[in-house]
Structures are given as structure tokens and as C-alpha cells.
Amino acid sequence: MSEPDTTANTPDTPSHRYTSALAQDIELRWQQVWADDGTFNAPNPAGPLAEPEAVAARGDKLFVLDMFPYPSGVGLHVGHPLGFIGTDVYARFQRMAGRNVVYTMGFDAFGLPAEQYAVQTGTHPAITTNDNIANMRRQLRRLGLSHDMRRSVSTTDPEYYRWTQWIFSQVFNAWYDEDEERARPIDELIAEFEAGDRDAPDGREWSELSPAERNVIIDDHRLAYVSEAPVNWCPGLGTVVANEEVTADGRSDRGNFPVFKRNMRQWMMRITSYADRLIDDLELLDWTDAIKAMQRNWIGRSHGAKVDFESSAGTITVFTTRPDTLFGASFMVLSPEHPYVDELAGPDKADEIAAYRKQAAAKKDFERQDETREKTGVFTGAYATNPVNGEQIPIWIADYVLMGYGTGAIMAVPCGDTRDFEFARKFELEIPAIQTPPAAWFEERGLDVTLDTRQWPEAFIGDAPYVNSSNAELSLDGLVNKVEGISEMNAWLERAGAGEATINYKLRDWLFSRQRYWGEPFPIVYDDDGNPHALPDSMLPVELPETDQFSPRTFGPDDEFSNPESPLDRLEQWVNVELDLGDGMQWYRRDTNVMPQWAGSCWYEMRYLDPTNTETFCDPAVEEYWMGPQTQIRPDHPGGVDLYVGGVEHAVLHLLYARFWHKVLFDLGHVSSKEPYARLFNQGYIMAAAFKDEREIYVEATEVEGSDDDGFTYDDKPVTREWGKMGKSLKNAVSPDEMYEEYGADTLRLYEMAMGPLDASRPWETRDVVGMYRFLQRLWRNMVDEETGACTVVDEAPDDETDKLLHRTIDVVRVEMDALRFNTAIAKLIELNNAVTKLDATPRAVAEAMVRMLAPLVPHVCEELWRKLGHDETVTYIEFPTADPALLVDDTIEVPVQVNGKVRGRITIPADADQATAEAAALADEKVIATLDGRTPKKVIVVSGRMVNVVV
RNA sequence: GCCGACGUAGCCCAAUUGGCAGAGGCACAGGCUUUAGGUGCCUGUCAGUGCGGGUUCGAGUCCCGCCGUCGGCACCA
């Protein structure tokens with residue numbers, strides 16, 4: 001099947017028609033001019049790109065940012081640039097509205113694909129990466145994006161990652177002061193220890209400690225630290241990965257390999273210190289509630305209490321959000337991995353417990369988390385003391401308690417917790433009642449009110465009067481509200497020394513090291529005793545050493561007990577280094593890990609601002625100008641990028657890590673903004689039909705024939721249709737090159753912006769694109785003679801009707817563009833153009849306003865038309881039209897008249913008519929009189945300027 | 001199971017504080033242009049807002065209850 005070519009030039013096509021060939025000519029020409037002239041360069045107030053006069057000459061600053069891409073070798077499809085086009089239209093609009101706009105694009109170029117390609121082909125990842133970046137820059141330029149190309153950076157450039165390493169050193173050389181709730185330089189901590197203002201954690205004085213002991217204590221305070229802890233080991237990738245990179249079913253999000261929990265010595269970052277601020281400061285951000293909810297959920301703050309239960313193996317501390325239910329705790333459950341299990345296990349139980357632990361260990365996390373599974377568990381034979389009533393309660397182990405959350409042990413309150421209730425039922429454990437559920441609760445379950453829990457079908461969760469909840473010092477009996485119950489119990493726990501109120505988080509510290517090649521080396525060396533030392537700033541960057549062995553040792557994906565071996569380990573010449581770090585020349589060993597891919601993206605927006613600065617990652621005055629708090633918007637404005645556009649998939653990865661780094665830099669005084677991204681906008685995805693054959697394998701969507709009605713076939717065999725994100729894996733990608741060939745970049749841009757709201761996902765329909773192409777053809781024809789190419793615009797003023805339409809259009813378009821509602825702005829502009837098409841000739845005033853309004857959307861054709869209209873400067877900085885308020889109001893208006901809510905007639909009244917006038921006119925209308933048929937109106941409602949409703 | 005978003009023509013989508021359901025594009029039909037097809041131009045057809053209630057003079061919009069789609073979280077104590 002071949003699509004009819006809808007746009008090709010044929011011999012009778014006028015030579016100056018806006019065809020795809022002309023569009024391409026115009027586009028390539030202006031792209032060259034823009035590049036040559038540096039049209040989109042934004043002036044800085046200070047630093048290497050300083051042009052203070054130019055800054056002063058422009059209006060308020062505006063920082064527009066896209067989530068930068070990984071430079072894939074495959075190239076772009078039409079789904080990729082949706083957000084980029086959106087930011088470009090916005091940036092161009094705001095330039096015309098007078099703002100000083102900084103807007104560029106960089107590349108997040110470290111990461112696995114280039115490394116894996118290098119392993120396969122022997123091509124160094126730097127070469128692949130640079131080729132891909134060059135290719136991607138070319139593709140982005142072809143879209144006409146108005147980037148300041150001087151500011152484009154790649155995270156893989158040593159001059160860039162020099163500063164990534166510098167920030168790592170800042171984090172390493174900082175500690176979190178819990179009292180001041182901020183990070184401070186580690187030197188200040190050392191000074192406090194040395195001055196005796198602070199004792200070692202074990203209570204000894206600083207002076208009593210050996211240097212080695214001091215080192216351990218200091219290193220334990222650092223925000224970046226090495227620790228032996230359970231980490232996610234992925235043998236298939238040969239590296240460890242962060243919690244955020246493990247999918248819900250226990251696999252790596254890259255490569256989909258199994259991930260195992262293993263104790264390993266790795267770099268961590270103390271993001272947990274910032275948990276509260278990361279949650280609380282969400283209030284300051286103009287982000288969607290959905291993303292904020294995801295971040296809150298990931299951090300997982302829950303208020304509760306720690307409670308101590310004494311046992312033969314020692315104190316077992318549990319975390320609970322319902323300390324008020326402590327009187328109902330009739331057994332305990334420990335995670336099978338809990339360290340006390342061996343000691344608690346009675347001799348006759350040891351075998352059973354060992355078997356259960358083995359069985360639990362064999363299960364993946366996701367299997368353990370399947371809550372529909374029936375509860376399993378084993379009694380240890382041991383008992384603990386419930387501190388609130390002294391009762392001896394049995395200690396069980398069960399895999400529904402997870403070692404990774406809370407303390408790995410729970411107090412079970414079966415009457416008030418679904419899981420504990422199920423467990424108690426299954427193993428016939430006691431279920432004491434401690435609350436009287438409301439009568440309605442019993443009624444719904446077909447029961448009479450009873451405290452005999454044997455009759456209860458399930459646990460009761462909620463507020464209800466407490467019973468059986470008192471001891472000699474405390475009584476909750478009669479309280480009805482859990483907030484009160486919790487507060488009373490927490491107070492008692494503290495008095496009794498049996499526990500305290502606390503806050504628990506799901507968030508874990510960030511596992512920061514990877515055993516790969518293509519990443520930022522750590523600016524760390526180890527001395528003979530294995531102590532880490534940060535290299536001084538003067539020794540940065542630590543460049544990635546050359547090698548032709550890029551691969552870490554990888555293992556069978558299920559080879560759980562293998563160990564990571566970084567590619568850098570093998571480079572002995574590089575690893576061993578002789579340096580003077582203040583104690584004279586000594587030999588050190590370099591750290592052979594590299595940073596995770598997220599490192600470079602944690603701060604890139606600031607390098608855009610001052611990309612060539614060799615003194616600092618970003619001049620403070622430059623950072624403050626572009627990112628400082630905008631207190632004129634809101635007194636508590638946190639600062640940061642004015643508009644950040646990207647996909648929702650980074651809700652808890654990049655966006656959480658970047659906020660964390662930014663806050664550290666803020667605490668240490670390196671930036672003036674508390675938050676990196678003041679406003680976040682999530683663009684939708686472009687979806688496309690994908691087709692599967694009978695083997696459930698995707699087939700090339702472009703070669704599928706058929707329709708909704710007749711069914712679809714591929715190679716004459718039936719296939720089934722589904723919808724999915726456009727991309728290689730679904731074989732449904734559409735290349736932008738096809739669109740340029742057939743319509744040009746302006747049409748593609750316009751189509752993507754017109755097809756729906758920017759934040760909505762919508763299906764791509766190639767056949768719809770032609771509508772925007774026709775619009776641009778009409779626009780062109782309204783101003784240019786298709787035979788001669790001459791401008792046909794006339795100097796006569798527009799007629800009143802056209803003038804009013806123009807100003808109404810301007811009024812709406814300005815608002816819609818500012819609010820990123822490009823689809824409705826475009827609809828209004830098409831409407832205006834359709835009206836202009838009906839005129840004999842296009843008045844200049846209308847033509848110029850239309851070109852200016854469309855310039856952000858379709859910049860190439862508008863730049864061309866702007867010249868044809870006789871101007872010799874770029875339209876980029878020409879003021880966006882402003883509506884004349886006088887032309888927005890009509891003298892008379894037509895309003896509908898309803899009778900009992902149904903439209904029965906229309907009246908024409910003066911626009912400023914008062915209510916009485918409108919009412920009189922409505923009641924005088926023939927059709928209304930006929931509808932009323934003699935009945936007397938009970939009431940007449942007049943909505944000024946909108947309608948009249950007569951009620952009978 | 002919990003949280004969030006969304007359901008408007010054959011399709012993508014519009015619709016100020018609740019105020020005439022239709023702006024725009026596609027598709028479809030007819031016409032003009034054309035040797036013809038296509039391009040281009042003109043004209044036109046189609047729904048009453050997922051379902052059921054409620055509030056209101058008036059509901060796509062607000063409230064309640066369902067149904068469906070998408071996304072996130074999930075034995076989190």
C-alpha cells in the first residue's frame with residue numbers, strides 16, 4: 001500500500017506556494033542565520049558570559065529548562081520532542097513578551113548503553129557518545145529550537161564532571177547538624193570536637209581518642225560515607241544499584257536482571273537526613289499534586305513510637321504507628337532475618353526455624369510482598385514482656401514482617417490490624433479486644449455488638465472507645481479518639497522508659513557507587529589504612545583513565561554470590577598514585593567505583609548558566625540572577641528554575657536526588673535557591689498504535705494494513721492493535737525526517753502543539769498532520785502571491801469587524817500562550833486566519849499581528865513572512881501584540897433568553913444594559929411571549945451580558 | 001486494597017465565577033479548479049457530555065453512588 005503523496009510539487013503548482021520544499025528551504029535558511037547571529041544567546045550579569053548592559057536592557061529573567069536527554073544512537077522519533085517544542089514555544093513567547101530568557105539543551109551522556117556498545121564493538125564510549133551528541137544536536141536544530149548553544153553541556157566532558165566531582169567533595173566534606181537542621185562543613189564538626197564542645201558518641205573526650213578512632217567518627221558523620229550495608233547487587237549488570245532503580249518485582253530497571261540484597265561495602269549519601277525538608281519544602285513548589293504525592297510516598301514519613309519489649313535475647317524494639325493499641329499486643333513477629341532470631345530459637349525449634357528462614361530467603365522480595373498470599377510463620381518458643389501490662393507474649397517469625405522497614409520487628413495487635421488478625425486466626429493466637437467498634441460496624445457484618453473477637457470476621461481499624469486498656473499508671477479506657485490515645489500512651493512510654501514517640505521513613509540512604517566504566521570517577525584516594533581522602537580541588541578533574549577493557553565482570557544473572565569487579569580495578573597504573581595530601585609524598589590507591597548516572601543530572605541546570613567558568617561551577621551572581629528566590633511572586637518563593645518540563649518517570653529518581661544535592665549546596669552557601677525547580681510541568685507522551693501478530697510479537701506498524709472496521713493485517717496475516725508509548729520496542733515510531741520531507745518542521749511543531757494540551761498523552765495520527773499544513777498554506781497565501789512571491793498585504797486599515805476579531809484573538813492568545821495552553825491559542829489563530837482568508841486582501845495591521853503571534857509556534861515561516869512584510873530584523877525580540885481594550889467590547893450584544901432553563905429566544909441589547917432593561921427586552925421577545933402563552937413569570941434571572949432566564 | 005488523574009461527535013480536542021454544548025483539526029459527503037487523480041478552494045452532515053441520583057432558575061462544570069481507562073504505591077507495622 002502506498003499513501004498518496006499529498007504535498008508533492010507538480011508542474012502546475014505555483015512556484016511560490018508554501019510547499020514542503022519551500023518550507024524546508026525557509027527552515028534551513030533561518031536555522032543557519034540564527035546560528036550565525038547567535039540570535040538566542042542570553043546575556044549574563046557576571047562571569048565569562050557577562051553582558052551587564054544587555055541584561056539591563058531586557059526585562060525580568062526567565063529560566064526555561066527541559067529534562068536533558070540521554071544521547072541515544074537510535075535518533076529521535078516524533079514523540080521525543082513534544083516537551084522540547086513546548087518549552088521552545090514558551091521561551092520564544094516570553095522573549096517577545098520582554099523577558100530575558102535562558103534556554104538551552106545539554107546531554108546526560110554517562111550510562112550503560114554507550115558502555116555496552118563499547119563492550120560489543122571496542123569503540124570507546126567517548127567516541128560513540130560524541131557522535132550521538134552531534135547527531136542529536138543536528139536533529140534538535142532541525143526542529144528550530146531556540147537554544148543558546150554556547151550553554152550546551154555534556155555530563156561526560158571532563159570540564160563538566162570536574163564540577164560533579166567537586167560537588168561530591170563538598171558532600172563528602174560536610175555533615176548534617178541535626179540541631180540546626182542543615183549541612184555544615186566537616187571542619188566545623190572537627191573544631192567542635194577539638195574544642196571539647198562535643199564528645200565522641202561513646203561519651204569519651206576527643207583527646208582520649210586515637211587518630212584512627214577520630215577518623216572513624218568523623219567519617220561516620222559525613223554526608224557521603226562508605227558503609228557495609230545491605231545493597232542491591234545485580235550480577236547481570238555486574239554492579240550494585242540504588243533502591244530507586246529496582247523495580248517492584250525485584251529486577252533492575254536497566255536490563256531487567258534479578259537483583260539480590262547483599263551486604264557490601266559501598267558509597268552512600270545521607271539523603272535520609274534531608275527527609276523532612278524534602279517533604280516539607282514540597283509546599284513551596286509549583287508542581288502537580290500527583291508528583292508531590294509520589295515524592296511524599298517514596299520518602300514515606302510516618303509518625304509513631306518505638307516500644308521496647310524485653311526478651312531472653314535482649315530488648316526487642318518495634319516501630320508502631322498505633323502505640324495506643326499496645327494493650328492489645330498479644331504476640332510479636334520478627335522478620336526471619338532479624339538478628340535475634342537465632343538466640344531466641346528454642347532448641348526444639350531450631351530446625352523448623354532454619355527451614356523457614358531458608359524458605360523465606362529463597363523468595364524474592366516481590367513474592368513476600370504479595371499480600372494475597374496466606375500468612376506463614378513459625379513460633380520461636382520464646383516470649384517477650386509487653387511493657388504496658390507485663391504479659392508474656394509469644395514471639396513468632398514470619399515473612400510478612402520486612403527487615404527493611406522499621407526495626408524488622410512488630411508488636412502484633414490482631415484486633416486492630418488486618419495482617420495480624422489473619423495471622424492470629426491462622427495460628428490460633430489470642431485476639432484480645434481493646435476497642436468497642438460502633439454498632440454500625442457490627443450491623444454491616446450481620447453481628448450483634450460483641451467484644452468476643454472469635455465472632456469478628458476481621459480486624460477493626462478506626463476510632464472507637466478503648467476498653468481493657470489500663471494499668472496502674474495509665475488508662476485509655478473511655479477515650480474515643482486515637483490522637484488522644486496515642487498522645488497519652490507516648491507520654492507513658494517516656495515516663496516508663498519503655499519507648500518514645502518517633503518518626504519512621506521508608507527512604508533509605510542513596511547507594512552512590514557503581515562498578516562500571518562509563519561514569520564519573522570518585523575524587524577519592526585511600527591511604528594504607530584504608531581511610532578515604534578527598535582529593536583537593538586543584539587535582540580535579542580526576543579523568544577517566546584510558547583502557548580498552550570497558551566491561552565490568554558480569555555474571556550469570558542469577559549468580560547471587562558473585563562479587564562486583566569494577567573495570568577500573570584492573571588499571572593498576574592508574575589506581576596506584578603518589579601524592580602529597582599534606583603529609584608529604586605518599587602512595588595512595590584510587591577509588592575504582594564510578595558515580596551513578598544520576599550524579600551529572602543533579603546540578604546541570606546551574607552549569608547551563610555559566611558553562612565556561614573555570615573558577616567555579618557557577619558564578620554566585622549568575623546563579624542568584626537566574627535562580628534566586630522570586631519574592632515578588634511569593635514571600636516564601638524557594639528560587640530555582642522558572643519552568644521545568646519533563647516526563648513523569650523521574651518523579652522519584654532524578655527529581656529527588658537533584659533536590660537533595662541542591663539543598664546541600666544551599667546549606668553550604670554555594671547557591672541562593674533552596675530548591676532547583678520552582679515550577680515543574682509534566683508533558684504527556686505521544687502514543688501510537690502498535691500491532692502484534694499471533695505469536696504476540698510486535699510488527700512494524702507502518703506496514704500494517706486495514707482499518708478499525710475491517711481489522712488489521714500484516715503480511716496478509718491478522719494482527720491485533722493496542723496503544724502504547726511511541727518507540728522502538730513497540731515498532732511504532734514515526735521519524736521526524738518523514739515529517740520534514742512531507743511538510744516541514746513548522747508543520748510538525750504546530751501539529752504537536754495543536755493536538756491537545758501539553759500535559760495530556762495523545763495518539764499520533766500522521767493523517768491529521770495535513771490540517772496544520774493547510775493552515776500554514778492559507779496563512780502564506782494571505783500574505784504572499786503564490787505565482788510571484790511578492791507580498792500582497794495592503795496598507796488600508798482593517799474593517800471594524802476584522803479589527804475586533806484581531807484584538808479578541810490577541811487577548812485570548814496572550815493568555816493561552818502564557819499558560820502553556822498552545823492548543824487553544826492555535827485554534828484561535830486558525831479562526832482568525834480563516835476570517836482573513838475571506839477578505840479581498842490582508843490588511844498590514846492584521847498580517848503583522850498574526851505573524852508576531854505565530855512566531856513562537858512556527859518560527860521559520862514567520863521569520864520569512866516578517867521579512868516579506870518589509871522588516872530587516874529578526875522577529876525573535878519583536879514585542880508580542882497587545883489587545884486594545886476598547887476593541888474587546890461590543891456596543892450591543894445578543895443574549896439567549898431561556899424559559900425554565902431552555903433557550904426559547906434571543907434578544908439584542910446594549911452591552912451595558914442594566915438588569916431591568918434586559919428583563920423588559922426578554923419579556924417583550926415574540927418567541928418568549930409565545931412560549932409563556934399568557935403565564936406570568938414567577939421570577940426572572942438576568943446574568944449580565946450572558947443570558948436571561950424566565951421561570952414560570 | 002490504597003492514592004491520584006481522566007471519561008464531551010467516527011477520531012484528536014474546545015467550552016470564564018455553574019450561564020446558548022462546539023472553537024480548531026482530522027475523517028466523511030457534495031461542489032469549484034483540473035484531461036484525470038492529487039493538491040488547493042468553497043459548502044455541508046453527525047453527538048448532548050460513561051451510568052444513576054442530588055443541589056440549583058440553570059449542571060459537561062458542584063455533591064453522592066456506581067462503571068470504565070490510565071498512572072503511582074502496596075503485607076510499610
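Throughout, protein chains are lettered first and strands after them, A, B, ... in sequence-line order, and every chain is numbered starting at 1.
Picking from B/C41, B/C73, B/U16 the nucleotide with the shortest atom distance to the side chain of A/Lys506 gives B/C73. Ranking B/A14, B/C12, B/G19 by closeness to the A/Val943 side chain, first place goes to B/G19. Checking B/G4, B/C75, B/C57 against every side-chain atom of A/Val951, the shortest atom distance belongs to B/C57. Of all nucleotides listed (B/A77, B/G72, B/U16), B/G72 comes nearest to the side chain of A/Met294.
For the pair A/Leu888 CG and B/U16 P, the interatomic distance rounds to 18 Å; values are reported in whole Å.
Using a 4.0 Å heavy-atom distance criterion, A/Arg762 is classed as a sugar-phosphate-only contact.
The salt bridge (Lys or Arg N to Asp or Glu O under 4.0 Å) pairs that include a residue from residues 758-782 of chain A are A/Arg781-A/Glu786, where partners are two or more places apart or lie in different chains. A salt bridge (Lys or Arg N to Asp or Glu O under 4.0 Å) check over residues 813-829 of chain A, counting only residues at least two apart or in different chains, returns the pairs A/Glu816-A/Arg821, A/Lys828-A/Glu831.
Checking B/A59 for Watson-Crick or G-U wobble geometry (two distances, each under 3.5 Å) identifies no partner in any strand. Checking B/G22 for Watson-Crick or G-U wobble geometry (two distances, each under 3.5 Å) identifies B/C13 as its partner. Pairing of B/G37, defined by two Watson-Crick or G-U wobble distances under 3.5 Å, is not identified with any nucleotide. Taking a pair to require two hydrogen-bonding distances under 3.5 Å in either a Watson-Crick or a G-U wobble arrangement, B/G7 pairs with B/C67. Across all strands shown, B/C73 forms a Watson-Crick or G-U wobble pair, both distances under 3.5 Å, with B/G1.
With sequence neighbours excluded, no residue forms a ring pair (Phe, Tyr, Trp, His ring centres under 6.0 Å) with A/Tyr405. Residues satisfying the salt bridge (charged side-chain N to carboxylate O under 4.0 Å, His left out) test with A/Glu894, not counting sequence neighbours, are A/Arg906. Evaluation of the ring pair (Phe, Tyr, Trp, His ring centres under 6.0 Å) rule for A/Trp780 yields A/Tyr18 as partners, not counting sequence neighbours.
Going from the C1' atom of B/C51 to that of B/C46 covers 23 Å, rounded to whole Å.
Taking 3.5 Å as the limit, the base of B/C75 and the side chain of A/Lys375 contain a donor-acceptor pair of atoms between them. Taking only distance into account, the side chain of A/Arg906 meets the base of B/C20 through a donor-acceptor pair shorter than 3.5 Å.
Ranked by how close their nearest RNA chain B nucleotide is to the 5' end, A/Ala290 and A/Thr321 are led by A/Ala290.
Annotation for A/Lys927: atom NZ does not count as buried by contact number, only 12 or fewer foreign heavy atoms lying within 6.0 Å.
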Just the atom pairs and distances: protein N or O near nucleotides 24-26 of chain B's N or O, under 3.5 Å.
unit_1 : atom_1 : unit_2   : atom_2 : d
B/C26  : OP1    : A/Arg774 : NH1    : 2.5
B/C26  : O2'    : A/Asp768 : OD1    : 2.4

